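Computed from a predicted model, the values in this text were never measured in an experiment. A note on names: the letters A, B, ... follow the listed sequences, proteins ahead of strands, and every chain is numbered from 1.
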2 protein chains.
Amino acid sequence: MNKIAGWIFLFLLSTTSYADDGYRLWLKYDLIKDVAKRDDYVRSAQFIVLNGNSQILKSAADELQTGLQGLLGKSVPLIANAGNRTGGIVLTVADAPNADAQTLTSEGYKVLPKQNNIAIVSKTEKGVLYGVFALLRQIQTGQLVNNLSLTSNPKIQYRLLNHWDNTNGTIERGYAGESLWKWYELPATVDPRYRDYARANASLGINGTVVNNVNASARFLTDEYIQKVAALANVFRAYGIRVYLSVYFPAPKTIGGLKTADPLDPEVRKWWADKTKEIYTVIPDFGGFLVKANSEGEPGPQDYGRNHADGANMLANALAPYDGIVIWRAFVYKADSKADRFKAAYEEFTPLDGKFDKKVIVQVKNGPIDFQPREPVSPLFGAMPKTPLAMEFQITQEYTGFATHLVYEAPLFKECLDTDTYAKGKGSPVSKVIDGSLHGYTTTAISGVANTGSDRNWTGNPMAQANWYAFGRLAWDHTLSSEDIAHEWIKMTLTTEPKAVKTITDLMLRSREIYVNYNTPIGLSRPWSGIHFAPEPWLEKSSRPDWTAIYYHRADSIGLGFNRTATGSNALAQYRLEVQQMWNDPETCPLPYLLWYHHIPWIKKLSTGRTLWDELCTRFYTGADSVGWMQQQWAQVKPAVDPEIFADVTGRLITQHKEAIWWRDAWVLYLQQYSRQPIPAPYKKPERTLDDVKRLVDIYQLR
Amino acid sequence: MNKIAGWIFLFLLSTTSYADDGYRLWLKYDLIKDVAKRDDYVRSAQFIVLNGNSQILKSAADELQTGLQGLLGKSVPLIANAGNRTGGIVLTVADAPNADAQTLTSEGYKVLPKQNNIAIVSKTEKGVLYGVFALLRQIQTGQLVNNLSLTSNPKIQYRLLNHWDNTNGTIERGYAGESLWKWYELPATVDPRYRDYARANASLGINGTVVNNVNASARFLTDEYIQKVAALANVFRAYGIRVYLSVYFPAPKTIGGLKTADPLDPEVRKWWADKTKEIYTVIPDFGGFLVKANSEGEPGPQDYGRNHADGANMLANALAPYDGIVIWRAFVYKADSKADRFKAAYEEFTPLDGKFDKKVIVQVKNGPIDFQPREPVSPLFGAMPKTPLAMEFQITQEYTGFATHLVYEAPLFKECLDTDTYAKGKGSPVSKVIDGSLHGYTTTAISGVANTGSDRNWTGNPMAQANWYAFGRLAWDHTLSSEDIAHEWIKMTLTTEPKAVKTITDLMLRSREIYVNYNTPIGLSRPWSGIHFAPEPWLEKSSRPDWTAIYYHRADSIGLGFNRTATGSNALAQYRLEVQQMWNDPETCPLPYLLWYHHIPWIKKLSTGRTLWDELCTRFYTGADSVGWMQQQWAQVKPAVDPEIFADVTGRLITQHKEAIWWRDAWVLYLQQYSRQPIPAPYKKPERTLDDVKRLVDIYQLR
């Protein structure tokens, strides 16, 4: 929504109810209904003082005016100097010696009482912008601002979205419409939505965006497309967001006319240096390159007998004159039915520790396989002390039900961040690896694969907005709890009615575990074919052995699960001893990870007192049933939530319930062929046959 | 926008300016600013009388209330009986003997003064709905409604949109985002936008929609997807719109488990009959099937030694118990470098005239090739007196600049409709073929390949909304002029300021000819590769000979153009003698068709006094320059048009200008290799080389 439309909407909200199309995300700025509370805020927000005239400060002041206009129903004037006035908000970029700016890192901010005004202080304009959003968030969530004193520094330096968006407008693993980026129309037509995208990200502290798919098109390195990307950068810059590009490694051949893309070839190195210079001429604050190389068929330095470090360092060299970085992905594995894909990234990357240029950061997916509903953490975290590692989370719900299933991802992100790697003994969680505090990394980064698209509400499922929000908040501060983040998001987005907030929070917090239960409980993983939608645990053939389902679950007449102990693939050996001990013994291995590491007999009795088979059935059935519980919970909040959003989520939960039963039936009917056990009471055998289930799967595979 | 949101928007519009995101299309219902005029309308719209309670009547009354609320800023009450009251609007479904209903066909309507009320009368509820939209259109375009007397009958029975939308959300030849249909979310989640889609279509009289691509997925014939389609049908029904499906001919094999899809096989026939019954059980007003068979690789009856009539009649047989039709496409051609693709449809279909079941209508693209910016009419029109022929126009701008180029298509549609086929002597235009009046067809239909997508403004380019509008209006009444339609649309959508209306009308009316001039003047055609975006007149190789560019333009050292006279492919012989005479002689053939039928020497002097080469150059250069004129025209209307829409179109015109020059340079530099003539004064040789041009084309072909 552009500014004028935004104002009107706000004006409107003060007088009447309306149907919410979800476009405004968590920046709704609806009028506060509690008059006493509103008056209290009004007293503290009588004017805004803005010193300076930069783009970002202007964005900060604009946002503050727009937000207060909506929340307080009152236009708040912008003035250049407070003089003796009190009861206003003062935005200040403070010099280093300024006492208020002490303890702040460059993008951090303070919101503090000062001379009977609210001061928002930072060393940088970006920090002031973040402070403005923090103050607005306080008001949106109904907290007092009198004597408010906040100090916040981002724990991680580069906080990025990764868009897997293609040149033709499709999004690999996108479930919310087409790409936001209209490449055919750019650079001349600049969709007003780009600005709202930037506002939403800046409100979370996200400071960079990789606009194109990691399966990259070389188009983005042509002059024609650099101009288009620059038009986006021009919009994002005012919100402190830098643009990055995924690069196609053989671009020197495909668009440069060279005979090779060997990273050690002088002509190739010159081509990249020249190209980088060209980019910075047009986009002076360009962020850098993201690279998927020698991975899933994408070309890379290994095609020329070089290694990942050779490739990354060449790009780092090209970026040397500029303030940009290389983000090199560690998502690699070879098609080998004998090998364990789990081990591949560790094997390729740990020998290169210390070999990367200081401008390179290696980006690691949270788990060793691929964004499963639950994975152990990647063994790379803690294993590369000399190489900064970035976290790659997936916000888009590739493996968690597309835009239909409600899965709140903060608990998934937190579970990974909180896992102790024991890299420097107890108290070495993943969060301390990626925030640099464990190994003293000088560069720190975290990326989320975006779930945004051209759908009016950005994310398809309105509840999936919470995942974008949670990623952004955790990228800024990984110590926030899933519950606190949910509270914030609900109050800003759905309702401030306390009982409804609690009900929705419960629903969100349980949602991921419920999904795991009906989808891949007790450490099962990857029961999919290509589209990652329908259950296919029976999948035996694919273009690669590690793209089947049986490769992962290893069901046989004895039992189920992938033996990754010393008697199996020994992937466990990639972890520190303390971690190994946690998972190594099937008797003590926590159930969520059991089948990740062990092949367990069907009739083996687990810690729950049930056999593996009975426990599996229990999870599948209670998981599917729990979606019914989710529906009941959601039904209760009807009076507190906008009717359009309520109806939308209600519809999606119906679909989720149907599909959860589909998953349950697919798994139990398929596995029963191996377990030859009855379905335990009180659960009833599915009414349909395995063939029925497969027939439904087949429908979704028809061209 | 759902109803509540709509109301709010309207309330808003009465008090302040706002930025228009284009979502409301031509149903804006902004408050009329001329107070005297508004008061005049208010006096005629003091109440609405609604007899009846059907879904469609309810939609009609809703729309009238919403529209009047917006236009007049006043809530108009709904009452059950006028009694003695005057100054209201009375909606009446009239019995056949009713004098007011005389001269009306089933979907026609009258708007007439009656007992000091405005009566909207029709034999059907659908007709009343159309009458309501007609009355609103009168008010929206500022015409008087006192003593208004309108009688309108649709000239064509089936007025359809064809969506080339795929199961994965992509749209073949879509340039406005993803598909509107969210198949993964349906049937449980029903996007409020579906209703607004239905409202927009109903406002034009469109009464059917084929929701899936003619390159059809068999998914749509499964129970799973029939339920999804039914959820759409449930929304559309209230607006008189029936749902149709494109069918995959071999579905009896792929989803039915049969060994064949031979249309004469009894099991196959039974399968289709059962499937059709299943569909009608769920969608009682299902419209029927659209079929692309034995065309561009799609399977069909010829795979079993049968012909198009065998295939179509089998489906007609399945539909026999129901009120549904088969629409069988005549878009067929074989990959044969020796043959002339132009002739293929005529050769395959004319021998089948009279062989089709009465439920079958054969759908013919307007031209013999494929939706080119200008084509002669298909020779099939007028050549199938015993077989109802439907018109297939393409609204989406596959060959006319995607969503960036401004091309108003009404003149293209009209040019085809007005062309005389001489099928029954002079005065046998295409319009009379397809409206049934020439041959007494009992079924009449017209289809437009939709340009809608999930973009907020539906069509990407705001100006492309006019093409959806124009198609719908012409489908109802092909005698309307391009100019009148443009006037209506502009006033309802952009501005009522008279000078701006005139300026925009001029711009729109000239736009198609300008596009032809820089793209494919004097009868050139199809200079594209697969994506139909960038110029590629040099294209020599493709997976099929008729998918190259040289197949069509036949440039050589002597001249340019495809000889389709008796000394060439003799395609001209497929037309009536009078038509042949119009085009047969290169000396008298109108220039727009010259190279469609003749190979003309470069140095041949044309009727303009210029040689072919000089005329070509003149067209390319003036065409590209005219986009500059379009930009100037558009710049003039700035004060009269919403700022967001103004900026959007301004941006697209910049892109169009750049690409028009690209087209110009591509053609002149390429053809100059054959003509070996200088570029005539006053035009300047392009600054770039043919290699430069090709390099830019290559960029848009990179994966």
Engineer: Quick one: of T222(A), L186(A), T404(A), D698(A), who has the most non-hydrogen atom pairs under 4.5 Å with chain B?
Structural biologist: T222(A)

Engineer: Is I531(A) close to chain B through its backbone or its side chain, or both, or neither, when contacts mean heavy atoms under 4.5 Å?
Structural biologist: side chain

Engineer: Check whether Y184(A) gets within reach of chain B through its side chain, its backbone, both or neither, counting any heavy atom under 4.5 Å.
Structural biologist: both

Engineer: Heavy atom to heavy atom, less than 4.5 Å: which residues from residues 164-173 of chain B reach chain A?
Structural biologist: T167(B), T170(B)

Engineer: Partners of Y700(B) by side-chain hydrogen bond (donor to acceptor under 3.5 Å, both in side chains), sequence neighbours excluded?
Structural biologist: E224(A), K228(A)

Engineer: Please determine, among P187(B), G177(B), A647(B), S454(B), the option with the most heavy-atom pairs under 4.5 Å with chain A.
Structural biologist: G177(B)

Engineer: Under a 4.5 Å heavy-atom cutoff, which of D191(B), V190(B), D455(B) has the most pairs with chain A?
Structural biologist: D455(B)

Engineer: What option among Q701(A), E298(A), E659(A) has the most heavy-atom pairs under 4.5 Å with chain B?
Structural biologist: E298(A)

Engineer: Would you please go through residues 648-658 of chain B and name the residues with a non-hydrogen atom below 4.5 Å from one of chain A, in numerical order?
Structural biologist: D648(B), G651(B), R652(B), I654(B), T655(B), K658(B)

Engineer: What parts of residues 249-257 of chain A touch chain B if we use heavy atoms and a cut-off under 4.5 Å?
Structural biologist: I255(A)

Engineer: Answer yes when R695(A) and D223(B) have at least one side-chain N-carboxylate O distance shorter than 4.0 Å, and no when they do not.
Structural biologist: yes

Engineer: Locate the shortest heavy-atom distance separating A403(A) from E185(B); write the atom from each residue and the value.
Structural biologist: CB-OE2, 4.4 Å

Engineer: Do side-chain atoms of S217(A) reach the backbone of R703(B) as a donor and acceptor pair under 3.5 angstrom?
Structural biologist: yes

